Amino acid sequence: MNWENVRTFVNQYCLLRDVQFAAYELYARKYSLTAKELFVLDIIWFAPDGCLQSEICERLSATKQTVSAIIKKFWKLGYLSLIESETDRRNKIVRFTEAGVEYTKKIIPPAANAEIDAMAELSEEDIAELVRLTTLFSEQMKAKFQAIKEKP
């Protein structure tokens, strides 16, 4: 396929990705959150035993400073507890407090259900194909971006 045709498909894909991200952003705003804050709450919600700050950073490809600021915000509100990791004292295990569970249960489960309901509209074959192709494209994107040489 020639470069211009591929570019057209890249533009179409980027528009679809932007629609998805905008859905998260608009949903987050309903609760005076950013999409990143929503994603952090989501990761913690689905980690019943808690998770490490470093895991959140890795999952979101976010800096330690960004994730720390988000966690600090929710910690100050009394929604999160931070416990030193037994294996790495520099890393903290992040968990919801009771207040955090009460706050987050109004936000994350409805969003997770919306994602599931949206995907359930597809056939099982289409879901498998979507995941397969997105995985392939994501792996290629990561490799191609990592291969870009920095300009001096």
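Computed from a predicted structure; not experimentally measured.
In this structure, the side chain of S81 does not engage the main chain of T97 through any donor-acceptor pair within 3.5 Å. Not one N or O on the side chain of R95 forms a donor-acceptor pair closer than 3.5 Å with the backbone of L80.
More than 12 heavy atoms of other shown residues, nucleotides or ligands fall within 6.0 angstrom of atom CD in Q12. Enclosure of atom CZ in R59 is not indicated, since only 12 or fewer non-hydrogen atoms of other residues, nucleotides or ligands lie within 6.0 angstrom.
For F74, there are no ring pair (Phe, Tyr, Trp, His ring centres under 6.0 Å) partners at least two apart in sequence or on another chain. Applying the side chain to side chain contact (heavy atoms under 4.5 Å, CB included) rule to E58 yields no partners; only residues at least two apart in sequence or on another chain are considered. Shown here are the side chain to side chain contact (heavy atoms under 4.5 Å, CB included) partners of K64, two or more places apart in sequence or in another chain: C57, S68. Taking the side chain to side chain contact (heavy atoms under 4.5 Å, CB included) definition, one finds that S138 meets it with T134, sequence neighbours left out. Scanning for salt bridge (Lys or Arg N to Asp or Glu O under 4.0 Å) contacts around E55 gives an empty result, with sequence neighbours left out. Under the rule for a side chain to side chain contact (heavy atoms under 4.5 Å, CB included), the partners of K72 that lie at least two apart in sequence or sit in another chain are K76. Remark: F21 engages no residue in a ring pair (Phe, Tyr, Trp, His ring centres under 6.0 Å) (not counting sequence neighbours).
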Got a list of side-chain donor-acceptor pairs under 3.5 Å for residues 35-47, not counting sequence neighbours?
residue: E37; atom: OE1; partner: T34; partner atom: N; Å: 2.9
residue: E37; atom: OE1; partner: K73; partner atom: NZ; Å: 3.3
residue: E37; atom: OE2; partner: K73; partner atom: NZ; Å: 3.1

Only pairs under 3.5 Å count here: list side-chain donor-acceptor contacts from residues 115-125, not counting sequence neighbours, and write none if there are none.
residue: E115; atom: OE2; partner: Y24; partner atom: OH; Å: 2.3
residue: S123; atom: OG; partner: D126; partner atom: N; Å: 3.0
residue: S123; atom: OG; partner: D126; partner atom: OD2; Å: 3.4

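When all heavy atoms are compared, the tightest approach of L52 to I93 is CD2-CG1, 3.6 Å. Counting all heavy atoms, side chain and backbone alike, E102 lies closest to K106 at O-CE, 3.5 Å. Of all the heavy atoms in V131 and T135, the pair that sits closest is O-OG1, 2.7 Å. Shortest non-hydrogen contact noted between P109 and T104 is CD-O, 3.5 Å.
Clustering of Ile, Leu, Val, Met, Phe, Trp and Tyr by side-chain heavy atoms under 4.5 Å joins V6 with M1, F9, V10. Other cluster members for L16: none, since no ILVMFWY side-chain heavy atom sits under 4.5 Å from it. Under the 4.5 angstrom side-chain criterion for Ile, Leu, Val, Met, Phe, Trp and Tyr, the cluster partners of Y13 are F137, M141, F145, I148.
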Trace of the side-chain contact (heavy atoms from CB on, under 4.5 Å) decision for Y27 with I107: CA-CA 9 Å; Y27 182 76; I107 301 168; 4.0 Å; yes
Salt bridge (charged side-chain N to carboxylate O under 4.0 Å, His left out) between R132 and E129, intermediate numbers included: CA-CA 5 Å; R132 184 184 76 77; E129 187 71 354; 3.0 Å; yes
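The line from CZ of F96 to NZ of K105 is 12.5 Å long, rounded to the nearest 0.5 Å. In this structure, T63 OG1 and Q65 CD are separated by 4.5 Å, a value rounded to the nearest 0.5 Å.
Between I71 and I56, the closest side-chain pair of non-hydrogen atoms falls below 4.5 Å.
Taking the charged nitrogens against the carboxylate oxygens, E139 and K142 have no contact shorter than 4.0 Å, which rules out a salt bridge.
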